[in-house]
Visitor: 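Okay, here's the structure, questions in a sec.
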There are 2 protein chains.
Amino acid sequence: MAESKHETILRAAQKLFAERGYDGTTVPMIAEEARVGAGTIYRYFENKQKLVNELFRGSVARFAATLRDGFPEQEDFRQKFRHVFYRLIRYSRENPEAFRFINATANAYFLDEQSKADFEGFMDFIESHLDEGKKAGLLRDLPSQAFIAIVYGTIFHLSRMFEDGTLEPADELLSGIENSCWDAVSES
Amino acid sequence: MAESKHETILRAAQKLFAERGYDGTTVPMIAEEARVGAGTIYRYFENKQKLVNELFRGSVARFAATLRDGFPEQEDFRQKFRHVFYRLIRYSRENPEAFRFINATANAYFLDEQSKADFEGFMDFIESHLDEGKKAGLLRDLPSQAFIAIVYGTIFHLSRMFEDGTLEPADELLSGIENSCWDAVSES
DNA sequence: GAGACCGGAATGAACGTTCATTCCTACATT
DNA sequence: AATGTAGGAATGAACGTTCATTCCGGTCTC
């Protein structure tokens, strides 16, 4: 089998959660999307809330891995910034549903402590990376959270536009926006 | 009475929708928050979906009014940009629940055509304003949608941080971010 | 005391979840 | 090789609960 039932169910849930949200998605909907019986879902997940938390943590872990993977530890800060930017873009483009799901879910009332902690850890990676640039005097005198708002906020909105076809993700466009973001955060 | 029941119900619904989303909010919850009977809600709204759509349109209308109000038609583009930036910030700060609700709801499956059209009209105002700057050669060679992603995306993320206390909305910080955004979109 | 208005119990549909049953696969027996 | 059997996996009808919505008896207002 190419994909286990466990994975099939998670994939189906992710698609629906991204489209309709957690509360707007019923367990029978997930079952139908995954082409399994409703009861089967409960062989793999204790309940709907455990399912959404497991899905969230998995998505965040893969997202974090995408960022850390091939991080140019030896190169200069400008290169590192570029790496993070393009990896954020890459993940949002290759996993639009996961990206949308993560962002819509990150503050949700049904997330457990572990999930919240995992997401915070992921954000800390981005923040500490920006802190490094700030210490090196390469970035403006703003809290690194502000940089996150600029870079992550931009990419988040961009990915929405790519998804609904408002904007086409051409290389030239991405490179232009990467420069914009760099100019927004870097010391003049 | 300072506030009609109609308004009280809308306010209560907005608070809950912003916190828990449309499907995560039940009509009895809204009734309790508004301190009215569940049946009373149906004296003012045909059903839950009509309620959320009316609320959405009202919020978008007030948001749009905030932007248009006092728009410095006679001044230069830099001033106009500043105006839009600070009005976006102002609305998100004075109406954090409305702002969060609008952004979480803008693409939702339960919005009717009228609501979608209203929101698009609002976004068109921002876009046409940016187009003007582009025609004047003041902005980079990027689609104006990309500018929206940068400015609106930044403010959206920022407002989240203000709401959950990650960041404090000091004047100095806002002015610094406004400059960042301007540098991100303007021709060097 | 008539009429508009309101609250919250009542209602049927739909929810998350369970469970008795069926299905499938692998191995034992011949 | 063919048949029998065991047991985990899968199912979907059924359960209690909760939802959106309706309805009706009571309460203000004039």
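Labels below follow one simple rule: chain letters A, B, ... track the order of the sequence lines, proteins then strands, and each chain is numbered from 1.
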Visitor: Could you check B:Leu139, B:Val84, B:Leu138 and say which one makes a side chain to side chain contact (heavy atoms under 4.5 Å, CB included) with B:Leu130?
Guide: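 The passing option is B:Leu139.
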Visitor: Nearest-Å distance, CD (B:Glu46) to P (D:dT21)?
Guide: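 The distance from CD of B:Glu46 to P of D:dT21 comes to 10 Å, rounded to the nearest Å.
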Visitor: Tell me, yes or no, whether the heavy-atom count around A:Arg78 atom CZ, taken from other residues, nucleotides or ligands under 6.0 Å, exceeds 12.
Guide: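 For A:Arg78, atom CZ is crowded (more than 12 foreign heavy atoms under 6.0 Å).
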Visitor: Taking atom C1' of C:dT18 as reference, at what distance in whole Å does atom CZ of A:Phe45 sit?
Guide: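 A:Phe45 atom CZ is separated from C:dT18 atom C1' by 18 Å.
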Visitor: Specify whether A:Phe101 and A:Phe56 have parallel, tilted or perpendicular ring planes, treating 30° as the upper limit for parallel and 60° as the lower limit for perpendicular.
Guide: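 Rings of A:Phe101 and A:Phe56: perpendicular, as their planes differ by over 60°.
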Visitor: Assess whether atom NZ of A:Lys15 is packed by more than 12 heavy atoms of other residues, nucleotides or ligands within 6.0 Å.
Guide: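 Open: at most 12 neighbouring heavy atoms sit under 6.0 Å from NZ of A:Lys15.
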Visitor: So if I take residues 11-35 of chain A and measure heavy-atom distances to DNA chain D, which residues fall below 4.0 Å?
Guide: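 Nothing qualifies; none.
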Visitor: For nucleotides 23-30 of chain D, just jot down a letter per nucleotide in 5' to 3' order: B, S or -, based on protein non-hydrogen atoms under 4.0 Å.
Guide: --------
Visitor: Between A:Lys5 and D:dA9, is there a side-chain N or O to OP1/OP2 distance below 4.0 Å?
Guide: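 Checking D:dA9 against A:Lys5, no side-chain N or O comes under 4.0 Å of OP1 or OP2.
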Visitor: In a check of side chain to side chain contact (heavy atoms under 4.5 Å, CB included) between B:Arg57 and each of B:Val60, B:Leu55, B:Asn53, which one passes?
Guide: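 In the set B:Val60, B:Leu55, B:Asn53, the residue that makes a side chain to side chain contact (heavy atoms under 4.5 Å, CB included) with B:Arg57 is B:Asn53.
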Visitor: Looking at A:Glu7, is its backbone amide N or carbonyl O close enough to the side chain of A:Ser4 to form a donor-acceptor pair, meaning the two atoms are under 3.5 Å apart?
Guide: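 A pair under 3.5 Å: yes.
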Visitor: Please state how far atom CD1 in A:Ile9 lies from atom P in C:dG16, giving the value in whole angstrom units.
Guide: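 In whole Å, C:dG16 P and A:Ile9 CD1 are 15 Å from each other.
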Visitor: Would you please say whether a donor-acceptor pair under 3.5 Å links the side chains of B:Asp112 and B:Ser115?
Guide: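 Distance-only check passes for B:Asp112 and B:Ser115.
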Visitor: Using 30° and 60° as the class limits, which term best fits the ring planes of A:Tyr152 and A:Phe99: parallel, tilted or perpendicular?
Guide: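 Tilted.
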Visitor: Checking the side chain of A:Ser128 only, and the main-chain atoms of A:Phe125 only, is there a donor and an acceptor separated by less than 3.5 Å?
Guide: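 Between the backbone of A:Phe125 and the side chain of A:Ser128 there is a qualifying donor-acceptor contact (under 3.5 Å).
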Visitor: Please determine if A:Lys48 forms a cation-pi arrangement with A:Tyr22, meaning its NZ or CZ atom is less than 6.0 Å from the six-membered ring centre and no more than 45° off the ring axis.
Guide: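 Here A:Lys48 passes the 6.0 Å and 45° test against A:Tyr22.
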Visitor: Over all strands shown, is B:Tyr44 touching base, sugar-phosphate only, or nothing at heavy-atom distances under 4.0 angstrom?
Guide: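 Contact class for B:Tyr44: sugar-phosphate only.
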Visitor: What are the residues of residues 47-56 of chain B, sorted by number, that bring a heavy atom to within less than 4.0 Å of DNA chain D?
Guide: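 Of all residues in residues 47-56 of chain B, the ones placing a heavy atom under 4.0 Å from DNA chain D are B:Asn47, B:Lys48.
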